[in-house]
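Here is the structure we will look at, set down as structure tokens.
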Amino acid sequence: LGWSSSLSLKDPARGCSQYNICRGERNYSWFSSSDFYSSLGLEDFPSVGDISGTEEDTESAILYGTLRGSVVGLRYYTGIVNNNEMVALQREPNNPYDKNAVRVNNVNGDQVGHIKKELAAALAGIMDSKLAVVEGVVPYGAKNVFTMPVQMSFWGREENREAVVDQLKKHGFKLAPPLKGNRFGSKWISGRAGPSYSAPVHAAVQLTTEQLKSEFDKLFEDLKEDDKTCEMEGAETVGTLLLPHQKQALAWMVSRENSNDLPPFWEERSNFYYNILTNFAEEKRPENVRGGILADDMGLGKTLTTIALILTNFQDGKPLPVERITNDKFFYVFAKYLKRGGETTVSELTLMCRLLRQWLQGTIRFLNFYFALNVQSVEKKYSDDGPRATLIVCPLSVLSNWIDQFEQHIHQDFNVNIYVYYGSDRSKDPSVLSEQDIVLTTYNILATDYGMRGDSPLHRVKWLRIVLDEGHTIRNPNAQQTKAALNLEGHRRWVLTGTPIQNSVKDLWSLISFLKLKPFTDREWWHRTIQRPVTMGTAGGLGRLQSLIRSITLRRTKTSKVKGKPVLELPERKVLIQHVTLTEEERQVYQSVKEEGKAAISRFFSEGTVLAHYADILGVLLRLRQLCCHPHLCVNTSSSFSYLSVSADNKTPEELHETLVNKMKLVLSSGSDEECAVCLESLTVPVITRCAHVFCKPCIFEVIRSEQPNAKCPLCRNGLRVEHLVECPLEEEIDSSNGKKSDQEWISSSKINALMHALIELRRDSPNAKCLVVSQFTTFLSLIENPLKESGFAFTRLDGSMAQKKRVEAIQCFQSSQAGSPTVMLLSLKAGGVGLNLTAASRVFLMDPAWNPAAEDQCFDRCHRLGQKHDVVITKFIVKDSVEENMMKIQNKKRELAAGAFATKKPSASEVKQTKINEIKALIDL
DNA sequence: ACCGCCGGGTGCC
DNA sequence: ACCGCCGGGTGCC
């Protein structure tokens with residue numbers, strides 16, 4: 001049973017886990033980077049564009065005007081509408097009678113009729129060339145037999161207005177100005193009441209950006225409603241006591257799964273159901289989503305709550321039926337094993353292993369040997385008709401966290417079947433999946449599987465429940481993983497996310513669509529009834545969004561209160577800045593490198609080639625940052641920076657390109673947390689362009705997709721081509737032999753001295769305190785190992801180059817409270833990803849600042865989270881009069897920006913460019 | 001459709 | 001009458 005030791009068990013003493021890792025998962029090779037990258041393969045991205053260009057640019061769309069027309073051919077179709085109901089106009093270029101044909105559909109998508117041909121002839125061109133979006137409302141005459149009127153609104157960007165007006169004029173039509181107060185068509189005057197359509201208005205009550213922002217902030221705040229404050233205990237299979245706010249969440253989730261309420265904006269009228277946004281009505285009761293969005297802040301226990309939900313609400317509030325692990329079970333499994341002559345499944349082995357251990361410990365007596373009698377009853381439990389399995393989809397980075405949490409929170413006396421659907425040998429048999437209690441997989445696997453149409457086991461199973469963890473990963477409606485997620489089958493649908501709205505309301509659509517809320521699954525209805533009214537600041541728009549959100553989401557922040565007490569009482573967190581002064585020699589080296597770099601960079605400025613030399617500049621900055629830490633850090637990189645002299649002149653463009661790309665690789669491989677100029681976050685999967693700029697792979701593919709065929713680099717406007725992109729594995733993964741620069745004698749540095757001084761003082765004052773020593777540079781961490789050993793510190797280390805198994809060991813070791821367990825953990829900034837729990841530490845020493853303050857904060861939160869018992873003190877070491885001080889200034893600016901940037905739109909490419917240039921100036925004191 | 005349009009039947013008052 | 005007028009047949013795109 002060697003495989004079981006490779007499981008990442010929190011408690012090694014427990015041996016085999018209670019979940020069944022089925023075939024293929026036992027080697028746990030999912031963290032091999034090659035797998036990861038290939039599952040994101042190049043070829044996936046361009047195909048994403050197959051519905052490109054259809055999305056209306058909400059931000060800048062204005063209403064050109066309205067036009068009355070008629071819908072004909074009603075008697076040939078079944079789709080019916082109400083007076084004042086919204087209708088969709090859809091081009092039908094393949095209509096055999098008229099290539100200009102325009103279909104009219106009701107909210108349900110049923111065809112109502114066609115636009116009369118003369119008008120269709122005018123619309124066809126406008127719609128096909130996407131000059132305007134045309135929307136319709138049937139003002140009256142909905143019950144007509146042959147034709148009915150339709151009031152059309154034309155929306156588009158200002159610069160297309162004239163073309164649209166011209167096009168209409170050519171066919172003899174003229175736009176009437178927008179109608180006063182009736183912009184969204186929900187209140188057309190009924191009946192043939194004459195000429196009352198008139199007068200434009202842009203927004204009855206236009207909110208300022210500021211107001212919008214604060215309204216957004218309030219969106220998720222309200223939770224005073226009763227249905228969100230009831231509490232519910234978890235089933236006995238939940239092995240952890242839930243906190244009050246988690247019991248509330250459980251009660252809310254269970255009630256959402258079991259209730260039969262109407263979805264938001266639907267009303268029951270005499271004998272039909274009525275949608276108050278679109279005025280659509282139907283006799284069939286619209287399904288409400290049996291789920292919603294759990295949007296609690298990080299650290300409040302969304303994972304635990306979800307596990308509790310799975311175990312507690314199988315059907316109508318009854319718990320998931322699982323086997324209690326008893327002696328009978330052991331012999332039953334054992335007998336089956338013998339009967340087959342030794343062949344067995346991994347899940348059985350897991351069980352047997354565990355039971356055998358219990359038996360050996362004397363908890364099983366040798367009495368119940370009539371196992372055959374029990375076979376029947378055990379099998380019965382699993383022969384339920386309805387779907388049983390819950391699918392959980394999460395980013396790769398939190399996969400192991402889920403497994404840890406199962407391990408922790410599922411009571412060990414029960415056998416819950418969990419299948420980790422990951423790795424190249426994952427089962428292709430849907431029935432293997434549907435027999436599980438829980439199937440865990442990642443967005444990449446989901447998308448990859450979906451790519452091979454029709455043959456994705458995940459998409460052939462009818463799930464009891466689908467949970468999308470970090471649900472904001474599907475906010476891009478065109479991404480493959482979003483489409484893959486939307487196409488999963490199962491009635492109970494949940495989204496877990498800490499950041500439900502990241503940049504704008506737009507991000508919500510995929511989530512809402514995933515939840516299958518009628519009629520928002522169709523982008524047009526979402527857009528017309530919610531997104532546009534909100535972004536244009538129309539009165540009532542925000543109200544709608546608010547009541548929608550309120551009815552389907554639960555969100556508590558770290559400061560929310562339950563019964564007057566904060567949901568989470570986190571200890572205080574203090575950040576201290578410790579200035580470090582370089583020694584004379586260090587200063588000399590630093591200063592000379594700085595002068596050399598500054599000269600080169602100011603030359604780039606005067607030549608106007610700053611962005612072309614971006615890699616060079618990052619290189620200079622990197623070197624300075626490294627010098628602040630330790631002189632040996634940039635030794636291996638020094639030779640490659642000699643280009644700063646004029647030697648570049650006699651190189652071919654090809655060679656020049658190559659050196660630049662190599663430079664960029666070097667910067668990235670140093671561990672430095674560089675950022676992506678598209679998403680403005682830390683790089684995820686860095687790729688280097690031909691012009692030697694770095695971006696996240698998904699970001700740059702999105703740029704290429706949306707700008708094709710002539711995409712340009714967002715930083716320098718040079719041409720971009722997929723085949724020129726170079727992937728660059730993040731940090732240490734390529735550098736496993738780090739730290740062994742044995743040809744060099746070890747020396748200390750000012751920063752190391754400062755750290756050691758602080759550590760020794762800490763050990764003297766509180767010998768049991770544990771701390772994290774964090775740096776972006778793993779080589780620096782290696783250098784720090786030396787004095788730690790010399791001063792007798794027990795320490796452990798966690799960085800990106802370590803295999804998953806080693807990481808888990810390091811974490812367990814550090815978290816242990818046993819005497820003699822390590823008090824120091826050397827942690828690379830980026831290894832401190834989300835989900836990692838290092839609450840044993842109450843001190844953090846940040847050795848070098850990151851560009852992105854969010855990356856630092858995320859790292860601090862590894863210990864400042866649920867379970868932290870002490871106040872957390874963070875010490876940042878910053879070298880005086882250095883690039884580090886300038887970095888701090890930029891960080892502060894970014895913090896301010898982030899705090900106010902909620903509803904403001906993304907900066908444009910040129911703004912990003914300018915910001916970058918200004919940053920460079922500030923960094924090198926130009 | 002209690003319309004418009006088409007095309008055949010028809011033709012002083 | 002190579003017209004007007006009548007009334008039946010007919011009807012989305």
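Just so we're on the same page: letters track the sequence lines, and every chain starts at 1.
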Applying side chain to side chain contact (heavy atoms under 4.5 Å, CB included), can you list everything that pairs with A:F265, at least two apart in sequence or on another chain? A:N275, A:I276, A:L277, A:F520, A:I530, A:R544, A:S547, A:L548
Non-neighbouring partners of A:V165 that pass side chain to side chain contact (heavy atoms under 4.5 Å, CB included), sequence neighbours left out: A:R161, A:L175
For B:dC2, give its Watson-Crick or G-U wobble partner with both distances under 3.5 Å, or none. none
For A:N108, what residues pass the side chain to side chain donor-acceptor pair (under 3.5 Å) criterion, not counting sequence neighbours? A:E282, A:K518
Using the C1' atom in both, what is the distance from C:dG11 to B:dG4, to the nearest Å? 10 Å
Residues which pass side chain to side chain donor-acceptor pair (under 3.5 Å) with A:H459, listed by chain and number, not counting sequence neighbours: A:S456
Pairs flagged by salt bridge (Lys or Arg N to Asp or Glu O under 4.0 Å) wherever residues 138-149 of chain A is involved - sequence neighbours left out: none
Send over the distance from A:M148 CE to B:dA1 P, rounded to a whole Å. 14 Å
Can you give one letter per nucleotide of nucleotides 8-13 of chain C, 5' to 3': B if a protein heavy atom sits under 4.0 Å from the base, S if only from the sugar-phosphate, - if neither? ---SBB
Give me the distance, rounded to whole Å, that separates C:dC13 from B:dC2 when you measure between the C1' atoms they each carry. 26 Å
Interatomic distance at C1', C:dC12 relative to B:dC3, whole Å: 16 Å
Would you check if the side chain of A:N95 reaches a backbone N or O of A:A101 as a donor-acceptor pair within less than 3.5 Å? no
Among residues at least two apart in sequence or on other chains, which ones pass side chain to side chain donor-acceptor pair (under 3.5 Å) with A:Q481? none
Grab the N/O contacts between the protein and nucleotides 3-6 of chain B below 3.5 Å, and write none if there aren't any.
none

Work out how far the C1' atom of B:dC6 is from that of B:dA1, and round it to whole angstrom. 15 Å
Any residue meeting side chain to side chain contact (heavy atoms under 4.5 Å, CB included) with A:S510, in chain and number order, not counting sequence neighbours: A:I474, A:P477, A:T482
